[in-house]
There are 2 protein chains.
Amino acid sequence: MSQQRHGNTPGNAGAVPAFPDLPEATIARLPEYLRALHNLAEAGSDTISSEGLAAAAGVNSAKLRKDLSHLGSYGTRGVGYDVTLLIDQIEYILGLDQRRAVALVGVGNLGHALAGYDGFASRGFRIVALFDADLEQVGKAINGLTVRHVGELRRSVVEDGITIGVISTPPSAAQGVADDLVAAGVTSILNFAPCVLSVPAGVDVRKVDLAIELQILSFHEHRKASLTALPGGLVGEGENQEAVGS
Amino acid sequence: MSQQRHGNTPGNAGAVPAFPDLPEATIARLPEYLRALHNLAEAGSDTISSEGLAAAAGVNSAKLRKDLSHLGSYGTRGVGYDVTLLIDQIEYILGLDQRRAVALVGVGNLGHALAGYDGFASRGFRIVALFDADLEQVGKAINGLTVRHVGELRRSVVEDGITIGVISTPPSAAQGVADDLVAAGVTSILNFAPCVLSVPAGVDVRKVDLAIELQILSFHEHRKASLTALPGGLVGEGENQEAVGS
DNA sequence: CGCGATTTGTGCACGCCTTCACAAGCGCCT
DNA sequence: AGGCGCTTGTGAAGGCGTGCACAAATCGCG
Ligand SMILES: NC(=O)c1ccc[n+]([C@@H]2O[C@H](COP(=O)([O-])OP(=O)(O)OC[C@H]3O[C@@H](n4cnc5c(N)ncnc54)[C@H](O)[C@@H]3O)[C@@H](O)[C@H]2O)c1
Ligand SMILES: NC(=O)c1ccc[n+]([C@@H]2O[C@H](COP(=O)([O-])OP(=O)(O)OC[C@H]3O[C@@H](n4cnc5c(N)ncnc54)[C@H](O)[C@@H]3O)[C@@H](O)[C@H]2O)c1
């Protein structure tokens with residue numbers, strides 16, 4: 001059974017190297033599997049088949065198996081995966097067992113919502129510092145945290161062991177904030193401002209642009225509408241056939 | 001010159017079909033190009049080379065050219081792309097010239113921020129209705145819109161011509177809300193709740209899960225840390241060499 | 001009017017990702 | 001103890017996306 005004795009780590013006694021280089025696509029799905037696994041654990045399941053987990057995560061079961069196989073062999077043929085073991089493995093790979101410290105810069109409309117969100121705690125993160133340039137905001141308390149001036153960023157990053165920075169300032173300020181974060185030693189940034197950030201190699205940036213998401217949906221709406229309007233009639237559910245244009 | 005006379009549409013006199021089926025990857029990048037183009041237009045540029053636009057959008061120039069070539073031939077060799085023309089084309093393809101009506105369901109922490117965000121207007125959308133199940137919230141006004149009870153959703157979707165629904169309720173309520181939206185005729189959903197939604201074929205769902213983004217960043221942090229800690233020493237910038245684990 | 005500089009549009013090759021299909025492995029039941 | 005059914009892990013194939021490299025096209029200038 002290879003004892004649950006993987007314990008907390010890179011003990012590396014198994015077939016897989018201490019840090020397998022997973023395909024990017026796989027990495028992006030692991031969090032989804034993790035969420036589904038937590039739900040299953042809460043529901044009382046001890047084991048889960050690839051089919052079941054795939055359904056819960058909304059993916060193809062073959063894809064899921066291949067993804068998990070990259071982590072090592074944590075399933076049992078004829079049975080499925082041990083839910084708890086798999087949770088531990090994925091959390092370890094994702095580096096979530098450290099409860100990473102996150103800094104949030106720009107406590108405006110969106111920043112407030114993020115700072116007040118308690119859902120991050122259960123997903124492996126602690127927002128430990130809030131920053132803003134506006135003196136009006138500095139000093140205010142949100143969810144037990146006091147907003148500090150952005151000038152204190154560098155010191156805080158070191159003192160609080162911050163590894164991830166979240167930017168929710170207007171786009172005009174985003175690059176400057178990113179530079180500050182990088183200078184302070186942060187090597188991962190989540191950017192909500194609709195702009196491109198340029199950072200040195202070795203720093204990871206992920207961007208979340210809600211308008212882009214809506215625009216992608218808009219494209220598909222547009223496409224669906226133009227298909228129902230066309231003579232082809234390839235679409236099954238076409239009740240509202242409204243002619244387009246001419 | 002093929003006259004700017006494409007006018008407002010699927011006149012379809014060109015080489016490209018009225019509705020080219022673009023690769024999904026291309027569609028996801030068009031909004032980024034559009035944003036960059038708007039910035040350029042504002043800065044006074046009339047034309048822009050693929051190299052310049054690619055830099056502004058943060059992508060490879062060859063990729064950009066291939067993406068744009070799918071829309072048709074809107075560039076001029078030796079010159080570049082006409083900024084205004086390209087904006088119009090991309091907006092047409094994305095279906096943004098209609099200023100799509102969006103409904104927001106779940107006016108809580110996050111919903112408030114979204115409802116109060118004025119940035120959507122300039123990107124082609126109008127949030128025209130807010131819904132919540134909590135009677136405490138119903139009746140409140142946010143940014144000129146009154147929060148309505150979720151029971152009015154169906155009527156509103158029809159009356160207001162809503163085509164996109166945004167879900168920012170707790171995950172436990174999300175599937176129900178999605179069902180309501182679909183029943184009301186909405187065929188595109190943007191979901192902020194961390195859960196998988198199941199919807200009938202023909203309905204598009206996009207998901208935004210902030211915790212997942214952080215977890216992906218966390219993985220890379222973890223990987224970077226384990227590399228600097230290893231004897232290999234492949235990394236250049238390793239000042240804070242803190243041993244991992246043991 | 002022709003030539004060179006510039007930039008687009010694209011053929012091609014390569015690598016990544018997805019999916020199918022199945023052998024290998026495991027537990028349970030008889 | 002042995003066989004049977006179930007599930008994992010993976011080889012192979014196909015499709016998609018990326019990026020190079022270059023021919024075709026356009027402009028400006030002499
Ligand atoms: N609110 C939303 O729902 C929403 C949706 C999509 C995108 N966004 C984007 O998220 C970002 C934030 O949006 P918002 O609505 O919260 O804007 P906001 O104006 O309400 O808040 C921005 C905050 O950033 C602070 N700030 C400005 N410059 C700063 C600096 N240099 N350092 C630190 N703080 C600084 C401001 O003082 C302000 O508190 C914007 O880029 C916006 O485009 C927001
Ligand atoms: N706040 C954030 O920064 C944040 C970050 C990431 C993810 N999320 C996710 O976004 C969603 C919303 O988060 P939040 O912080 O705004 O939560 P919230 O509890 O503050 O707000 C949820 C709102 O939805 C309403 N609601 C509940 N059931 C409903 C129903 N059936 N129909 C209509 N409305 C209903 C509630 O009355 C409440 O107003 C959650 O799923 C959360 O996990 C939020």
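As a basis for the values below, the full set of heavy atoms in this structure was taken, side chains included, without hydrogen atoms, waters or symmetry mates. Keep in mind it's a predicted model, so treat the numbers as computed, not measured.
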Integer-rounded Å distance: D:dG19 C1' and B:Lys63 NZ: 9 Å

If we count only N and O atoms by modelled type, under 3.5 Å, do the side chains of B:His220 and B:Arg223 hold a donor and an acceptor together? yes

So for A:Arg77 and D:dT8, does any side-chain atom that can act as donor or acceptor lie under 3.5 Å from a complementary atom in the base? yes

Is the closest side-chain donor-acceptor distance between B:Glu221 and A:Thr163 under 3.5 Å? no

Side-chain N or O of B:Arg29 closer than 4.0 Å to phosphate OP1/OP2 of D:dT18: yes

Below the 4.0 Å mark, does C:dC20 have OP1 or OP2 next to a side-chain nitrogen or oxygen of A:Asn60? yes

For C:dT7, take OP1 and OP2 only and decide whether either is under 4.0 Å from a side-chain N or O of B:Tyr74. no

Using heavy-atom distances to pick each residue's nearest nucleotide on DNA chain C, tell me which of A:Asp67 and B:Tyr81 is more 5'. B:Tyr81

Within less than 4.0 Å of OP1 or OP2 of D:dT7, is there a side-chain N or O belonging to A:Ser50? no

Taking the nucleotide of DNA chain D with the closest heavy atom to each, which residue, A:Lys66 or A:Gly80, is nearer the 5' end? A:Gly80

In whole angstrom, what separates B:Arg65's CZ from D:dG17's P? 19 Å

So how far is it from A:Glu91 CD to B:His222 NE2, rounded to the nearest 0.5 Å? 12.0 Å

A:Asp82 versus A:Tyr74, side-chain donor and acceptor atoms under 3.5 Å: no

C:dT7, OP1 or OP2 - any side-chain N/O from B:Ser49 closer than 4.0 Å? no

